[in-house]
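Okay, structure first, notes after.
Numbers restart at 1 for each chain; the letters A, B, ... are given by sequence-line order, proteins then strands. Bear in mind the structure is a predicted one, so any value in this text is a computation, not a measurement.
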Amino acid sequence: MTTPVLQVSDLTTTFWTPEGDVHAVSDVSFHIDRGETLGIVGESGSGKSQIFMSVMGLLARNGRASGSVRVTGEEILGVPLNRLNQVRGARMSMIFQDPMTSLNPYLTVRRQMTEVLMTHRGMNESAAAKAAIDMLDRVQIPEAGRRIGMYPHEFSGGMRQRVMIAMALLCGPELLIADEPTTALDVTVQAQILDLLMQLKRDTGMAIALITHDLGVIAGLADRVMVMYGGRVVEEASARDTFKRPQHPYTEGLLKSMPRLDEHGVKRLETIGGQPPNLQDLPGGCTFHPRCRYAVARCAVERPLLRQTDTGRAKACHLDHLGDVA
Amino acid sequence: MSPAPLLSVHDLKVHFDIGRHGLLGGHRHVLKAVDGISFDLRPGETLGLVGESGCGKSTLGRAILRLLPLRGGRTMWLGQDLARLDAERMRGLRREMQIIFQDPLASLNPRMTVGQIIAEPLITHQPNLKTAEVKNRVKAMMAKVGLLPNQINRYPHEFSGGQCQRIGIARAIINEPKLIVCDEPVSALDVSIQAQIVNLLMDLQAEMGLSLIFISHNLAVVRHISHRVMVLYLGKVMEIADRDSLYANPLHPYTQALNSAVPVPDPDIERAKQRLVLTGDLPSPLNPPSGCPFRTRCPKATGICADVMPPLESVGRDHMVACHHAGPISG
């Protein structure tokens with residue numbers, strides 16, 4: 001067995017607030033293999049982003065993570081900052097939804113990109129600049145040699161996201177964490193970025209953690225999918241199984257409530273009733289039970305553990321089959 | 001014979017003066033957000049407006065309601081020209097046309113209770129209503145949009161995004177309007193809540209005979225809710241057709257690219273799909289390309305596209321397209 005690129009065990013992330021502790025992530029365990037793309041889906045407040053903010057050591061000041069995070073076997077949760085800095089940026093890197101807020105508006109792209117290589121690779125300025133231009137070429141930025149001297153605001157939204165991706169790839173990371181990488185983009189530009197990610201995935205063999213609320217984006221890119229609800233993993237399966245044979249009522253509900261562009265005829269959309277959970281006041285038992293159409297008495301009192309249901313798939317639900325209960 | 005249109009928009013133009021740039025005055029910059037758009041909206045119909053950022057879809061929605069000054073064109077409401085109405089008659093008509101917004105929380109006054117928010121348009125247009133009657137109507141409206149009437153004294157921040165959108169909808173329909181402009185009403189909502197709001201709007205439409213202008217960048221939602229769909233690009237109409245023709249048989253290269261760009265939640269389809277990926281980004285609306293605004297990204301563009309903006313021409317029943325090279329995808 002090879003060591004996975006990322007192994008997260010019993011991760012719990014808690015934020016201290018004046019109104020009390022908020023558990024954004026509760027007891028989450030998963031792994032990402034080399035070259036694998038794991039899609040992480042969930043709605044706002046599901047904890048999908050906070051898992052990876054914990055992994056990257058980027059939690060807000062009132063946040064604390066416990067458990068274990070191993071990057072290619074090495075524990076990085078709670079290690080000193082200088083050690084963490086050697087890992088992030090080099091072995092794993094992250095891109096965000098809004099590239100404008102993640103790039104420094106005062107520095108040229110050249111300065112921001114060469115800094116990465118000079119810090120992690122010890123390159124000199126001119127070698128770093130050459131490598132940076134090559135990388136911009138690779139993410140298909142036209143006239144990379146000229147545009148590297150520009151400031152972030154001089155790029156369009158899609159080009160800025162390409163700059164972010166290029167910057168994240170500079171040190172050849174084994175894991176790229178992409179947090180809603182196309183959510184802020186127009187749909188035709190989103191298609192360009194998704195194409196680019198697919199191509200990079202094929203060519204570099206790096207693993208990708210793709211965090212998104214858009215099931216369509218996941219369908220095209222992910223090998224495996226993890227569905228989050230109320231800070232916990234509720235289902236984990238191959239992409240195909242997730243979309244074709246969802247086993248958790250929440251996953252099934254999400255898929256059915258999405259109108260699809262390729263579907264004819266007006267059906268009424270199926271909905272998941274109620275409202276998303278309030279992390280400060282999570283329901284007892286299964287977090288999803290107040291909104292679940294299959295819920296039975298047991299669901300309100302006993303929290304279902306994530307259990308294996310098939311090879312390579314797991315769910316956190318008391319029911320064995322959906323449709324057990326009318 | 002189709003019924004007389006509720007709203008008839010002819011050659012509508014909304015231009016924004018961006019001011020002068022550069023030394024010595026420079027030259028004036030004019031942003032043509034909506035540049036010569038015409039369409040009819042029938043009673044009880046939903047017209048979807050789709051397009052990417054900067055295409056003018058929200059500006060058009062606001063201009064129709066006269067929330068923005070027009071540079072040119074005409075908006076006819078049941079046969080009368082809105083521009084010719086004096087302020088008082090226009091105010092009377094406003095009862096019949098309402099709008100709901102993308103960010104439900106930001107569009108509600110945080111210092112007013114839900115009851116006050118929903119009652120405000122009612123009191124504005126019918127100042128003689130008795131307090132008890134207002135309260136009854138507000139409660140009835142809350143029940144209709146799926147809110148608990150006993151929450152009437154709560155404030156907007158106590159509600160989730162989906163519930164706030166319900167409050168916005170209750171406020172919009174309390175005067176029993178004929179038209180609601182829905183400006184990205186589900187874009188800020190989680191997927192599971194989106195479906196609730198889409199269903200609510202469709203139910204209300206069936207019950208009250210509303211006409212809706214549904215503005216969204218989400219093509220799948222637009223397809224689901226609309227009877228007809230209009231595709232905009234940089235302030236101009238590219239294609240307008242009934243829902244099924246637009247998705248099954250798009251004739252404009254931009255519509256084709258938009259359709260193909262939308263990811264479908266099915267790994268088999270999504271991976272097998274030959275995506276029609278457009279090159280480049282949207283041009284700046286301040287300096288749009290000559291001729292057809294889409295030509296800089298269009299796979300079919302030729303010389304004539306740079307010279308002449310193609311007129312919007314009828315190509316079938318309820319189907320119009322503005323393209324020199326309009327045709328099915330394979331062609």
Which atoms of B:Ile269 are under 4.5 Å from chain A, going by heavy atoms: the side chain, the backbone, both sets, or neither? side chain
Is there a donor-acceptor pair under 3.5 Å between the side chain of B:Arg295 and the backbone N or O of B:Ala301? no
Top contributor to chain B contacts, counting heavy-atom pairs under 4.5 Å, from A:Met258, A:Met198, A:His213: A:Met258
Taken to the nearest 0.5 Å, the spacing of B:Leu246 CG from B:Arg223 CZ works out to 9.0 Å
What residue in A:Pro142, A:Gly157, A:Ala222 has the most heavy-atom pairs under 4.5 Å with chain B? A:Ala222
Honestly, the part of B:Val198 sitting under 4.5 Å from a heavy atom of chain A is side chain
Given the options B:Gly146, B:Ser192, B:Ser160, which has more heavy-atom pairs under 4.5 Å with chain A than any of the others? B:Ser192
Could you tell me which of B:Leu258, B:Val264, B:Val221 has the largest number of non-hydrogen atom pairs under 4.5 Å with chain A? B:Val264
From the list B:Gly162, B:Ser53, B:Gly51, B:Gly161, the residue making the most non-hydrogen contacts under 4.5 Å with chain A is B:Ser53
Quick check on side chain to side chain contact (heavy atoms under 4.5 Å, CB included): which of A:Pro249, A:Cys317, A:Cys299 does A:Cys292 satisfy it with? A:Pro249
What part of B:Leu282 gets within 4.5 angstrom of chain A, counting heavy atoms only: side chain, backbone, both, or neither? side chain
Do the charged groups of B:Arg297 and B:Glu52 touch, with an N to O distance under 4.0 Å? yes
Toward chain B, the part of A:Gln140 with a non-hydrogen atom under 4.5 Å: neither
Chain B contact via A:Glu43 - which portion, at a heavy-atom distance below 4.5 Å: both
According to the interplanar angle, ranging from 0 to 90°, do the rings of A:Phe288 and A:Tyr229 count as parallel (below 30°), tilted (30 to 60°) or perpendicular (above 60°)? perpendicular
For B:Val191, which atoms come within 4.5 Å of any heavy atom of chain A: side chain, backbone, both, or neither? both
Toward chain B, the part of A:Ile218 with a non-hydrogen atom under 4.5 Å: backbone
Can you tell which part of B:Ser260 gets under 4.5 Å to a heavy atom of chain A, answering side chain, backbone, both or neither? neither
Heavy-atom contact with chain A under 4.5 Å, split by part of B:Asn218: neither
CA sep, side-chain torsions, deciding dist, call: A:Glu235, A:Arg313, salt bridge (Lys or Arg N to Asp or Glu O under 4.0 Å): CA-CA 8 Å; A:Glu235 180 159 10; A:Arg313 58 181 313 183; 2.7 Å; yes
When only pairs under 4.5 Å are counted, which of A:Gly45, A:Ala191, A:Pro259, A:Gly253 shares the most heavy-atom pairs with chain B? A:Pro259
Among the options B:Ala220, B:Ser284, B:Ala257, B:Gly280, pick out the one with the most heavy-atom pairs lying under 4.5 Å from chain A. B:Ala220
Counting distance only, does the side-chain N/O of A:Asp223 pair as donor-acceptor with the main-chain N or O of A:Thr37 below 3.5 Å? yes
Quick one: CG on B:Asp242 to CZ on B:Arg317, what's the gap to the nearest 0.5 Å? 7.5 Å
Can B:Asp268 and A:Lys244 be said to form a salt bridge (Lys or Arg N to Asp or Glu O under 4.0 Å), step by step? CA-CA 10 Å; B:Asp268 294 341; A:Lys244 303 276 180 183; 3.3 Å; yes
If you count heavy atoms of other groups shown closer than 6.0 angstrom to NZ of A:Lys201, is the number above 12? yes
